[in-house]
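Note sheet for the following structure.
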Amino acid sequence: MRKYEDTYRHKGLRKQLVDQLRSNGITDENVLCAMNNIPRHFFMDSALDNIAYEDRAFPISDGQTISQPYTVAFQTQLLQVKTGEKILEIGTGSMFQATVLAEMGARVFTIERQKGLFEKTKNFIFKAKYPFLKFFYGDGFEGLPTFAPFDKVIITAGAPFVPPKLIEQMKPGALMVIPVDEGAHQRMLRITKNNDGTYMEEAFQNFSFVPMLTGKNA
Ligand code: SAH
């Protein structure tokens, strides 16, 4: 059994990381506060314990990654999360991003297409702390029609295009934050759904994500 310990050393490193995110332009104090409250090292292999608070992505299992803290902070800030909002996340991965959203008071529905990663969510250590964080095994391109409409949608894998079914599952006025393929990288987009079902796009900087793939992987 793995032992989970959040020591003063971890807390100190975490605070340094949050200060670094702030000096790199993250201004939403709710995002920074949530990231300061969550032990990122719990979401990674214990062998990476000493480097878990470096601002970089790390491998998890099944060839996937836990996103870089700056990327998590940037996407979450763009999402303008408010307490009680219903948020759909595509790409559960390590569960870190989903936990940040839950810590901010959102009701989170997160989908993962890799069976192995989804199975790990059953042992999520903060289950009792975040009763409004729900895990699903499926193809994110399909979304979760049963639980729609959503206030916010966040995609944490590099998308080839904006998935039309996810637009359908947004409330009017809802926001989607999605990295869309542009050459070898992804351009971060924020999409606002209009009342007539069309949408507006704002473009931000480029990031690097693992690809958003169709279908489930057993
Ligand atoms: N949010 C994650 C980032 C994980 S990396 C975190 O905080 O750690 C992106 C994840 O998206 C991978 O686990 C990958 O398997 C998953 N993914 C890729 N395409 C998907 C799809 N169509 N539906 C659901 N998950 C998908």
Side-chain angles (χ1 to χ4, degrees), residues 14 17 21 31 34-35 37-45 48 51-79 81 87-104 106 108-126 130 133-148 150 152-167 169 176-181 185-186 188 207-218:
R14 193 147 74 237
L17 171 63
L21 295 173
V31 173
M35 291 185 69
N37 288 344
I38 301 169
R40 185 177 190 240
H41 64 288
F42 286 11
F43 295 78
M44 296 166 40
D45 193 291
L48 302 174
I51 48 175
Y53 293 98
E54 290 178 11
D55 190 18
R56 47 172 284 206
F58 286 104
I60 47 173
S61 47
D62 299 280
Q64 301 304 321
T65 54
I66 175 169
S67 299
Q68 183 181 345
Y70 178 75
T71 306
V72 173
F74 192 86
Q75 286 199 278
T76 311
Q77 173 163 292
L78 285 182
L79 213 52
V81 179
I87 304 187
L88 174 65
E89 182 198 26
I90 311 303
T92 311
S94 70
M95 307 177 257
F96 181 72
Q97 171 74 71
T99 305
V100 171
L101 299 171
E103 172 69 17
M104 294 178 78
V108 185
F109 301 77
T110 180
I111 313 179
E112 174 57 54
R113 68 179 288 281
Q114 297 255 15
K115 192 67 183 267
L117 290 173
F118 170 71
E119 292 296 334
K120 287 192 177 174
T121 66
K122 292 177 180 159
N123 303 321
F124 180 48
I125 44 157
F126 295 125
Y130 304 110
L133 171 46
K134 305 281 185 216
F135 299 103
F136 298 84
Y137 170 52
D139 178 0
F141 281 97
E142 301 298 319
L144 285 175
T146 325
F147 296 93
F150 297 96
K152 305 280 164 71
V153 178
I154 176 170
I155 285 86
T156 67
F161 52 84
V162 177
K165 287 185 184 166
L166 300 187
I167 297 284
Q169 292 172 33
M176 173 192 287
V177 174
I178 178 170
V180 176
D181 290 345
H185 299 275
Q186 289 83 36
M188 193 65 73
F207 289 85
S208 265
F209 283 85
V210 295
M212 181 173 180
L213 303 170
T214 39
K216 289 188 281 189
N217 187 339

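Excluded from the calculations below are hydrogen atoms, water molecules and symmetry mates; all remaining heavy atoms, backbone and side chain alike, are included. Count residues from 1 along the sequence. What you see is a predicted model; the values in this text were computed from it and never measured. Ligands are counted one by one from 1 in listed order, and the atoms in each one are counted from 1 as well.
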Which atoms of ligand 1 sit under 4.0 Å from any heavy atom of G93?
4 (C), 13 (O)

Tell me whether K216 forms a cation-pi arrangement with Y137, defined as NZ or CZ under 6.0 Å from the six-membered ring centre and within 45 degrees of its axis.
yes

Please confirm whether the backbone N or O of H41 pairs with a side-chain atom of Y53, one donor and one acceptor, at under 3.5 Å?
yes

Are the side chain of T156 and the backbone N or O of G91 linked by a donor-acceptor pair below 3.5 Å?
yes

Min N/O separation Q114 to ligand 1 under 3.5 Å
no

Does the gap between the ring centers of F141 and F161 come in under 6.0 Å?
yes

Quick one: are S94 and R40 in side-chain contact, heavy atoms under 4.5 Å?
no

Would you find a donor on one side and an acceptor on the other, under 3.5 Å apart, between the side chain of T76 and the backbone of V72?
yes

Test item: N217 side-chain N/O and Q114 main-chain N/O as donor-acceptor pair under 3.5 Å:
no

Mind checking whether K216 has a heavy atom under 4.0 Å from ligand 1?
no

Contact atoms of ligand 1, heavy-atom distance to M212 under 4.0 Å
18 (C), 19 (N), 22 (N)

Polar side chain donor-acceptor pair, E89 to T110, under 3.5 angstrom:
yes

What is the nearest protein non-hydrogen atom to atom 9 (C) of ligand 1, stated with its residue, atom name and distance?
T156 O, 3.3 Å

Which protein non-hydrogen atom lies closest to atom 25 (N) of ligand 1, naming both residue and atom, and how far is it?
R113 N, 3.3 Å

Would a line drawn from the ring center of F147 to the ring center of F136 be shorter than 6.0 Å?
yes

Ligand 1 contact on P211 by region, counting heavy-atom pairs under 4.0 Å
backbone

Under 6.0 Å between ring centres, would you say that holds for F135 and F118?
no

Under a 4.0 Å heavy-atom limit, does Q64 contact ligand 1 with its side chain, its backbone, both, or neither?
side chain

Logged contact type for L117 with ligand 1, heavy-atom cut-off 4.0 Å, is side chain

Check: G215 main-chain N/O paired with R113 side-chain donor or acceptor under 3.5 Å
yes

Any T92 heavy atom less than 4.0 Å from ligand 1:
yes

Taking only heavy atoms of S94, which atoms of ligand 1 are found under 4.0 Å from at least one of them?
6 (C), 7 (O), 8 (O)

Which of the atoms of ligand 1 are close to I90, meaning less than 4.0 Å from one of its heavy atoms?
23 (N), 24 (C)

Which atoms of ligand 1 have any heavy atom of T65 under 4.0 Å away?
3 (C), 4 (C), 5 (S), 8 (O)

Given R40, K115, E112, M95, which one has a non-hydrogen atom that is nearest to atom 13 (O) of ligand 1?
E112

State whether the shortest distance between N or O atoms of G91 and N or O atoms of ligand 1 falls below 3.5 angstrom.
yes

Aromatic centroids of F207 and H185 separated by under 6.0 Å:
no

Under 4.0 Å, heavy-atom basis, I'd like to know which part of V210 is in contact with ligand 1: side chain, backbone, both or neither.
side chain

Looking only at protein heavy atoms, what sits closest to atom 7 (O) of ligand 1 is Q97 N, 3.1 Å

Taking N or O atoms only and a 3.5 Å limit, does L213 qualify as a polar contact for ligand 1?
yes

G140 N/O under 3.5 Å from ligand 1 N/O:
yes

